[in-house]
Amino acid sequence: MSPPPRLRISGGTVYDPVNRVDGAVRDVCIEGDRIVADLPAGAPRLDARGMIVMPGGVDIHAHLAGSSVNHGRRLLADERAAEPVPAPKLEAGTPRSGTGGTLPSTFATGYRYAGLGYTTAMEAAVAPLAARQAHAELDDTPIIDSGFFVLLGNDDYLLRQIAAGETARARDYAAWVLAAARGYAIKIVNPGGIARWKAGGQERNVNGLDDPVGSDAVTPRKILETLAGAANDLELPHPVHIHCNNLGQPGNAKTTLESMETLAGQRAHFTHLQFHSYGGERGKPWKSAAREVIEYVNAHPEVSVDVGQVMFGPATTVTADGPVEYLLHASTGRRWVNIDIELETGCGIVPYMYKERAAVAALQWAIGLELFLLASDPWRVVLSTDHPNGGTFLSYPELIRLLMDRAYRDERLKRVNQKLLAGSVLLDGLAREYTLNEIAIVTRAGPARLLGLPHKGHLGVGADADVTIYADDPDRAKMFSTPRYVVKAGTLVVEEGQLRRAPAGRRLAVRPQYDATLTHDLKRFFDEYSCVAFENYPADAAP
């Protein structure tokens with residue numbers, strides 16, 4: 001048997017926050033697919049002198065696979081045809097040319113993540129019924145390690161257990177669904193709101209945490225408490241991943257803060273926080289409530305968030321929050337798709353454009369930056385655009401420059417619509433500039449820690465050999481958009497800025513334990529209410 005391949009990355013300036021390395025010149029040694037302490041003198045070398053060395057990027061929240069994303073790709077066929085992705089210059093095998101736009105094809109997604117220096121990405125919302133398709137699409141997405149979060153906040157069986165006071169059975173059901181779907185974490189979207197929307201009553205959504213959902217015993221608050229408790233009781237590596245009620249509504253910061261307070265003391269991750277940090281009230285002008293929301297996060301170490309930054313340009317809103325997408329379609333007149341997935345959830349898709357001269361878009365852009373710049377602990381505030389909702393992940397380099405370069409940020413601020421920006425801390429001249437070490441935290445070390453992935457996000461001994469090497473450029477957008485080298489699991493996939501190899505990534509999943517007697521009641525439920533046989537529901541069931 002031949003020895004595992006070796007590589008010494010020599011002389012680079014290393015940023016590895018987990019191991020408290022902040023800009024030190026040192027070697028990084030790789031043997032096989034792991035980081036090792038040292039290598040023999042004759043091991044192959046990659047000269048990284050004058051370059052920046054970081055762990056591979058980790059995207060905690062994106063939409064890149066599954067039935068909703070695939071519907072979006074079909075809806076945006078014209079966009080994808082207009083932006084082809086050329087075949088990479090692969091060393092061997094058959095290169096594939098893909099399609100781009102805000103929802104690139106499966107393999108183009110893998111190419112483009114690697115082309116930014118990202119080696120891990122999580123799909124943020126998959127209905128359990130659609131898990132098999134999501135796995136198939138992730139199997140066709142090369143290079144990146146990936147997994148997905150399973151939608152449960154509007155699941156019919158779960159809501160029935162909550163109504164009956166069966167907390168233990170609800171926890172066991174969450175564990176069973178994660179195992180059946182081969183998912184990674186529990187995702188809640190607009191808890192209870194989608195169930196009410198699908199029921200078609202006069203009030204088609206929830207407005208408050210104590211609104212009844214089919215039964216007075218079931219409310220958004222109770223759903224949050226039940227699923228957060230389940231995730232923590234099951235000791236899942238990542239806490240419950242929460243998309244709050246009232247997304248995009250003026251005044252929704254009150255709902256966000258109430259949701260956080262409901263789960264005080266418990267681990268919980270609140271996603272795309274920018275879309276949930278609006279002050280004011282319905283029917284009145286919007287304003288920022290970023291300061292109030294991030295101050296709560298700063299003071300509560302059990303809470304983590306990703307920002308969901310809005311970036312100017314084309315986007316595609318893709319969410320299980322069907323009521324929100326209907327309102328967006330109705331207010332813009334844009335084409336749309338709305339999907340009803342039986343027993344579980346829904347989905348809406350609307351193409352969108354964030355324009356600098358649009359007052360609301362300018363406010364959203366400012367709120368996201370305020371959240372980043374006012375955060376006191378970058379380990380709990382992750383860089384994201386909620387791809388493709390706030391903008392494509394390809395805009396990450398531009399976002400990094402906005403965080404690192406105050407002069408550039410101030411110049412961009414002058415160009416946007418000022419109508420709703422009164423009182424913005426950006427206008428007050430917020431001077432903070434992120435350091436390279438902080439960027440390594442919010443794009444690598446932090447999300448890896450929050451996902452419970454101890455082998456990712458750092459360059460210590462035993463870590464996954466996922467390494468990105470950038471040419472040091474004062475234009476940080478340019479620097480982060482084109483890494484010089486990327487190593488994935490010990491394989492050099494990007495050389496001199498060119499994608500040369502596209503190995504398969506690994507799947508990240510959990511299989512928590514549950515009381516097996518649950519399946520007897522589940523089979524009865526499937527026989528009575530589902531058009532899918534219980535035996536065919538798990539993702540690994542024979543097709």
Side-chain angles (χ1 to χ4, degrees), residues 3-58 114-120 143 145 377-379 382-383 396-397 400 403-404 433-451 453-476 478-497 500-501:
R6 293 168 168 172
L7 179 66
R8 179 186 295 272
I9 300 170
S10 63
T13 303
V14 176
Y15 290 87
D16 180 12
V18 170
N19 294 294
R20 299 183 179 180
V21 180
D22 184 1
V25 175
R26 60 176 57 189
D27 293 355
V28 175
C29 297
I30 296 171
E31 185 168 19
D33 63 356
R34 296 287 177 179
I35 304 292
V36 295
D38 202 2
L39 289 171
R45 288 177 176 262
L46 191 161
D47 185 356
R49 286 176 297 178
M51 300 183 194
I52 303 297
V53 180
M54 292 184 176
V58 179
L116 291 182
Y118 275 74
T119 54
T120 304
I143 306 173
D145 293 343
D377 182 3
W379 288 94
V382 176
L383 186 142
Y396 288 175
I400 289 171
L403 296 177
M404 295 190 72
E433 294 180 322
Y434 270 53
T435 65
L436 281 171
N437 195 61
E438 288 175 319
I439 293 299
I441 293 172
V442 299
T443 62
R444 290 155 164 80
R449 177 179 290 182
L450 295 173
L451 286 167
L453 298 172
H455 297 298
K456 294 191 177 294
H458 70 99
L459 300 174
V461 173
D464 289 352
D466 296 352
V467 187
T468 304
I469 304 168
Y470 299 99
D472 193 359
D473 193 311
D475 182 339
R476 296 312 192 189
K478 181 180 178 182
M479 170 179 152
F480 281 98
S481 65
T482 312
R484 185 71 62 84
Y485 301 97
V486 179
V487 180
K488 174 67 185 73
T491 297
L492 197 59
V493 296
V494 173
E495 292 184 80
E496 296 296 340
R500 298 301 305 277
R501 299 166 190 87

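Excluded from the calculations below are hydrogen atoms, water molecules and symmetry mates; all remaining heavy atoms, backbone and side chain alike, are included.
- In this structure E495 satisfies the salt bridge (Lys or Arg N to Asp or Glu O under 4.0 Å) test together with R501, sequence neighbours excluded.
- The structure places CG of D27 at 8.0 Å from CG of D38, a figure rounded to the nearest 0.5 Å.
- What you find for Y470 and L116 is that their closest heavy atoms are OH-O, 3.1 Å.
- Scanning all heavy atoms of the two residues, the minimum distance from S10 to R45 falls at CB-NH1, 3.5 Å.
- Applying the side-chain contact (heavy atoms from CB on, under 4.5 Å) test to V21 and every residue at least two apart in sequence or in another chain returns V14, D16, N19, A24, R26.
- Rounding to the nearest 0.5 Å places CD1 of I143 at 12.0 Å from OG1 of T120.
- Of the candidates R444, K488, R34, D464 forms a salt bridge (charged side-chain N to carboxylate O under 4.0 Å, His left out) with just one, namely R34.
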Exercise. Assess whether side chain to side chain contact (heavy atoms under 4.5 Å, CB included) is satisfied between V382 and V442, documenting all intermediate values.
Key: CA-CA 5 Å; V382 176; V442 299; 5.7 Å; no
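- The shortest side-chain heavy-atom distance between T443 and Y118 falls under the 4.5 Å cut-off.
- Nearest approach of A37 to C29, heavy atoms of both residues: O-SG, 4.3 Å.
- The structure places CG of L492 at 8.0 Å from CD1 of I9, a figure rounded to the nearest 0.5 Å.
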Exercise. Applying side chain to side chain contact (heavy atoms under 4.5 Å, CB included), run through R476 and I439 and close with a yes or a no.
Key: CA-CA 11 Å; R476 296 312 192 189; I439 293 299; over 6 Å; no
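- Taking both residues in full, the closest heavy atoms of V494 and A114 are given as CG2-O, 4.0 Å, listed atom of the first, atom of the second, then distance.
- None of T491, V467, L39, L46 except one satisfies the side chain to side chain contact (heavy atoms under 4.5 Å, CB included) rule with L7; the exception is L46.
- Using a 4.5 Å heavy-atom cutoff, the side chains of W379 and V18 are in contact.
- Smallest separation of non-hydrogen atoms from G23 and T13: O-CG2, 3.5 Å.
- With rounding to the nearest 0.5 angstrom, the CG atom of D475 is 11.0 Å from the CE atom of M404.
- Distance check, rounded to the nearest 0.5 Å: CD1 of I35 to NE2 of H458 gives 8.5 Å.
- At least one side-chain heavy atom of Y15 sits under 4.5 Å from a side-chain heavy atom of D22.
- A distance-only check finds no donor-acceptor pair linking the side chain of D472 to the backbone of M51 [under 3.5 Å].
- K456 is listed as a side-chain neighbour of D145, based on a closest heavy-atom distance under 4.5 Å.
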Quiz item: Should R6 and V36 be marked as a side chain to side chain contact (heavy atoms under 4.5 Å, CB included) after you check the CA-CA gap, both sets of side-chain angles, and the distance that decides it?
Solution: CA-CA 10 Å; R6 293 168 168 172; V36 295; over 6 Å; no
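- A48 and I469 get closest at one heavy-atom pair: CB-CG2, 4.3 Å.
- Between the CZ atom in R484 and the CD1 atom in I52 there is a gap of 12.0 Å [rounded to 0.5 Å].
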